[in-house]
**Q** 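Sending over a structure as structure tokens; questions will come in a sec.
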Amino acid sequence: MVSSGIMLEYEKGGELKTKSIDLLELSPSTDVNTLVGEIQKVEPLITASRTKQVRLLVQRLQEKLRQHCDHNFYLFKVLRAHILPLTNVALNKAGSCFITGSYDRTCKVWDTASGEELHTLEGHRNVVYAIAFNNPYGDKIATGSFDKTCKLWSAETGKCYHTFRGHTAEIVCLSFNPQSTVVATGSMDTTAKLWDIQSGEEVVTLTGHLAEIISLSFDTSGDRIITGSFDHTVVVWDASTGRKVHTLIGHCAEISSALFSWDCSLILTGSMDKTCMLWDATSGKCVATLTGHDDEILDSCFDYTGKLIATASADGTARVYNATTRKCITKLEGHEGEISKISFNPQGNRLLTGSSDKTARIWDVQTGQCLQVLEGHTDEIFSCAFNYKGNIVITGSKDNSCRIWR
């Protein structure tokens with residue numbers, strides 16, 4: 001995150017160690033001297049001689065935040081990416097390249113700056129549906145297909161390292177663990193599997209759901225993984241043993257999204273039952289139900305600090321909630337069709353939504369005001385994402401094209 005913090009390197013007993021200091025509160029209006037003073041109180045590594053250096057770092061971070069406050073997006077390039085519809089779009093962390101999956105059985109790697117195609121990843125025998133980079137590294141790509149396999153590729157050369165076989169039905173979601181040692185796949189066969197990236201072997205199978213798994217995500221340590229299913233439940237698993245830690249029961253319809261907050265204290269689940277639920281990740285107990293939408297919740301997310309929650313619904317509106325008070329702060333109104341995708345920029349002051357009304361929109365998080373409408377697609381937008389800096393947006397549409405906005 002741009003606003004997440006600074007890394008300290010220091011030597012202890014002849015070993016080089018690192019420690020990170022969170023700056024989640026940093027905003028364009030923060031008083032830097034006061035903040036540095038507070039950091040020094042709790043961090044003995046920052047001695048008086050280092051103060052100036054730390055102050056400069058924090059000022060630089062703050063500058064970056066300011067730059068992104070008033071960014072206007074312009075259409076840079078339209079990519080007629082595939083001969084058949086796209087399924088998903090994903091960026092690497094730097095935003096220097098992105099990937100598109102398609103019904104044409106390929107995944108393509110694109111250079112964001114030029115819009116040039118870098119590689120076509122060929123080999124799947126059916127729709128390439130789920131795609132991901134192993135961020136933050138970005139040197140590997142995983143593709144999950146309706147051919148029941150997942151493939152691991154080099155992002156640099158486009159070479160296929162492994163084909164993971166074992167699922168008995170379509171793979172519809174996948175995710176790398178944060179260490180990039182394991183890739184998890186979720187399938188219509190009701191199971192999820194974890195695969196070792198080095199050896200190409202299956203590590204463990206997560207069994208217990210009664211219907212297809214449509215969403216999965218790791219916590220930031222990679223120790224736990226959650227799966228959301230059409231059986232209305234979300235399960236928290238121990239990623240190393242495959243043991244069930246908690247089953248989150250409470251929704252009365254299919255799950256559309258499930259994810260951990262940044263500090264992994266909370267789990268957010270969105271459902272076709274028109275609600276989002278917040279769960280205590282340690283106890284597995286429901287701590288709040290976020291209501292207000294008139295139709296299915298199709299996507300939900302935390303901001304990078306875990307302080308805010310955004311929900312997108314088939315009712316054509318999005319909402320922002322405070323994760324602590326669980327109160328609705330703003331309602332985003334303006335789309336003329338269902339909103340299937342929502343995400344915060346890493347700075348946490350903007351929201352991006354993609355809708356079946358063929359537009360994507362940029363919103364001010366605090367006021368709920370629509371700042372920009374990204375128009376031009378001729379069919380619904382099913383995928384949209386910010387890059388890590390928050391100054392590039394990629395939109396993917398059913399019109400078979402992908403647009404780069406910057």
Side-chain angles (χ1 to χ4, degrees), residues 2 65-81 85-91 95 98 100 110 112-113 115 256-257 270 292-301 303-304 308-321 328-406:
V2 176
L65 284 177
R66 279 202 192 101
Q67 280 167 18
H68 298 308
C69 277
D70 310 310
H71 188 86
N72 247 342
F73 291 91
Y74 299 94
L75 178 63
F76 166 64
K77 205 146 196 189
V78 180
L79 307 178
R80 303 262 163 237
L86 282 78
T87 52
N88 269 308
V89 175
L91 280 142
F98 65 96
T100 53
W110 307 86
T112 316
S256 55
S257 59
H293 283 293
D294 303 325
D295 207 338
E296 302 175 345
I297 289 186
L298 303 176
D299 196 19
S300 61
C301 61
D303 72 343
Y304 280 70
L308 298 173
I309 290 164
T311 57
S313 168
D315 67 15
T317 71
R319 286 168 181 254
V320 181
Y321 297 84
C328 179
I329 307 167
T330 45
K331 210 171 158 183
L332 313 182
E333 295 176 293
H335 276 297
E336 287 160 27
E338 59 179 44
I339 304 173
S340 60
K341 266 282 179 257
I342 190 161
S343 59
F344 285 92
N345 66 345
Q347 295 73 29
N349 62 346
R350 298 285 179 263
L351 273 163
L352 169 66
T353 52
S355 165
S356 62
D357 70 8
K358 309 173 190 173
T359 71
R361 289 173 186 243
I362 311 276
W363 310 78
D364 181 293
V365 169
Q366 294 307 323
T367 64
Q369 187 193 349
C370 176
L371 302 174
Q372 227 186 321
V373 181
L374 308 182
E375 293 175 291
H377 279 296
T378 55
D379 204 340
E380 76 177 73
I381 292 174
F382 57 81
S383 187
C384 54
F386 280 109
N387 67 335
Y388 198 62
K389 277 188 182 162
N391 61 353
I392 293 173
V393 164
I394 308 277
T395 53
S397 162
K398 280 199 174 159
D399 65 12
N400 289 15
S401 83
C402 204
R403 288 175 173 238
I404 306 172
W405 311 78
R406 32 203 269 208

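Both backbone and side-chain heavy atoms feed into the values below; hydrogens, waters and symmetry mates do not.
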**Q** Please report the closest heavy-atom contact between Ser257 and Ser300, naming both atoms and the distance.
**A**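 Residues Ser257 and Ser300, closest heavy atoms: OG-OG, 2.7 Å.
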**Q** Where the side chain of Arg403 meets the backbone of Leu374, is there a donor-acceptor pair that is under 3.5 Å apart?
**A**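 Such a contact is absent between Arg403 side chain and Leu374 backbone.
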**Q** Spell out, as yes or no, whether a donor-acceptor pair under 3.5 Å connects the side chain of Ser356 to the backbone of Glu380.
**A**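 No; zero donor-acceptor contacts below 3.5 Å.
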**Q** So, for Cys402 and Val89, which heavy atoms are closest and what is the spacing to 0.1 Å?
**A**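 Cys402 and Val89 have their closest heavy atoms at SG-CG2, 4.2 Å.
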**Q** When you measure from the side chain of Ser383 to the backbone of Thr87, do you find a donor-acceptor pair of N or O atoms at a distance under 3.5 Å?
**A**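 No: the side chain of Ser383 does not pair with the backbone of Thr87.
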**Q** How many angstroms lie between CG in Leu91 and CD1 in Ile394, if you round to the nearest 0.5 Å?
**A**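 Those atoms lie 5.0 Å apart.
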**Q** If you round to the nearest 0.5 Å, how far is CZ of Arg80 from CG of Asn400?
**A**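 So the CG of Asn400 and the CZ of Arg80 are separated by 8.5 Å.
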**Q** Going from OG1 on Thr311 to OH on Tyr321, what distance comes out if it is rounded to the nearest 0.5 angstrom?
**A**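 The OH atom of Tyr321 is 4.5 Å from OG1 of Thr311, to the nearest 0.5 Å.
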**Q** Testing the basics here: between Phe73 and Gly390, what is the closest heavy-atom pair and its distance to 0.1 Å?
**A**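 Reported closest heavy-atom pair: CZ-O, 3.5 Å.
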**Q** Looking at CG of Leu308 and OG1 of Thr330, how far apart are the two atoms once the value is rounded to the nearest 0.5 Å?
**A**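 If we round to the nearest 0.5 Å, Leu308:CG and Thr330:OG1 are 8.5 Å apart.
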**Q** Asp315 side chain to His293 main-chain N or O, any donor-acceptor pair under 3.5 Å?
**A**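 No; judged by distance alone, with no hydrogens or angles, the pair does not exist.
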**Q** For Ala312, enumerate each residue passing the side chain to side chain contact (heavy atoms under 4.5 Å, CB included) test, keeping only those at least two apart in sequence or located in another chain.
**A**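 For Ala312 the side chain to side chain contact (heavy atoms under 4.5 Å, CB included) partners, ignoring immediate neighbours, are Asp299, Ile339, Ile342.
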**Q** Rounded to the nearest 0.5 Å, how far apart are CG of Leu351 and CZ of Arg361?
**A**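 Atom-to-atom, Leu351:CG and Arg361:CZ are 13.5 Å apart.
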**Q** Sub-3.5 Å donor-acceptor pair from the side chain of Ser355 to the main-chain atoms of Glu338, do we have one?
**A**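 Between the backbone of Glu338 and the side chain of Ser355 there is a qualifying donor-acceptor contact (under 3.5 Å).
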**Q** Evaluate the criterion side-chain contact (heavy atoms from CB on, under 4.5 Å) for residue pair Asn345 and Leu352; output intermediate values, then yes/no.
**A** CA-CA 7 Å; Asn345 66 345; Leu352 169 66; over 6 Å; no
**Q** Is there a donor-acceptor pair closer than 3.5 Å between any side-chain N or O of Thr112 and the backbone N or O of Gly95?
**A**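 Between the backbone of Gly95 and the side chain of Thr112 there is a qualifying donor-acceptor contact (under 3.5 Å).
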**Q** Testing the 3.5 Å rule here: is there a donor-acceptor pair between the side chains of Asn349 and Gln347?
**A**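 No donor-acceptor contact under 3.5 Å links the two side chains.
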**Q** If you round to the nearest 0.5 Å, how far is CG of Leu371 from CH2 of Trp363?
**A**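 Rounded to the nearest 0.5 Å, the CH2-CG separation comes to 9.5 Å.
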**Q** What are the two closest heavy atoms between Lys398 and Phe382, and how far apart are they?
**A**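 Taking Lys398 first and Phe382 second, the nearest heavy atoms are N-CE2, 3.6 Å.
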**Q** Looking only at heavy atoms, which two atoms of Ile297 and Gly270 are closest? And how far apart?
**A**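 What the structure gives for the nearest pair is CG2-CA, 4.2 Å.
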**Q** Taking it one step at a time, do Ser401 and His377 satisfy side-chain contact (heavy atoms from CB on, under 4.5 Å)?
**A** CA-CA 8 Å; Ser401 83; His377 279 296; 3.3 Å; yes
**Q** In terms of the angle between their ring planes, are Phe98 and Trp110 parallel, tilted or perpendicular, with boundaries placed at 30° and 60°?
**A**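 Ring orientation, 0 to 90° scale: parallel.
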**Q** State whether the side chain of Arg319 and the backbone N or O of Gly292 hold a donor-acceptor pair below 3.5 Å, judged by distance alone.
**A**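 Yes.
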**Q** Might you point out which heavy atoms bring Thr359 and Ile381 nearest each other, and give the distance in Å?
**A**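 Taking every non-hydrogen atom into account, C-CD1, 3.3 Å.
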**Q** Main chain of Gln369, side chain of Asp364: is a donor-acceptor contact present, judged purely on distance under 3.5 Å?
**A**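 It does not hold such a pair.
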**Q** Let me see the working for Thr100 and Leu79 under side-chain contact (heavy atoms from CB on, under 4.5 Å), right down to the final yes or no.
**A** CA-CA 10 Å; Thr100 53; Leu79 307 178; over 6 Å; no
**Q** Please check this pair: side chain of Ser313 against backbone of Asp295, looking for a donor-acceptor N/O pair closer than 3.5 Å.
**A**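 Yes: the side chain of Ser313 pairs with the backbone of Asp295.
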**Q** Taking the side chain as everything from C-beta on, heavy atoms only, tell me whether Val365 gets closer than 4.5 Å to Asp303.
**A**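 No - every pair of side-chain heavy atoms lies 4.5 Å or more apart.
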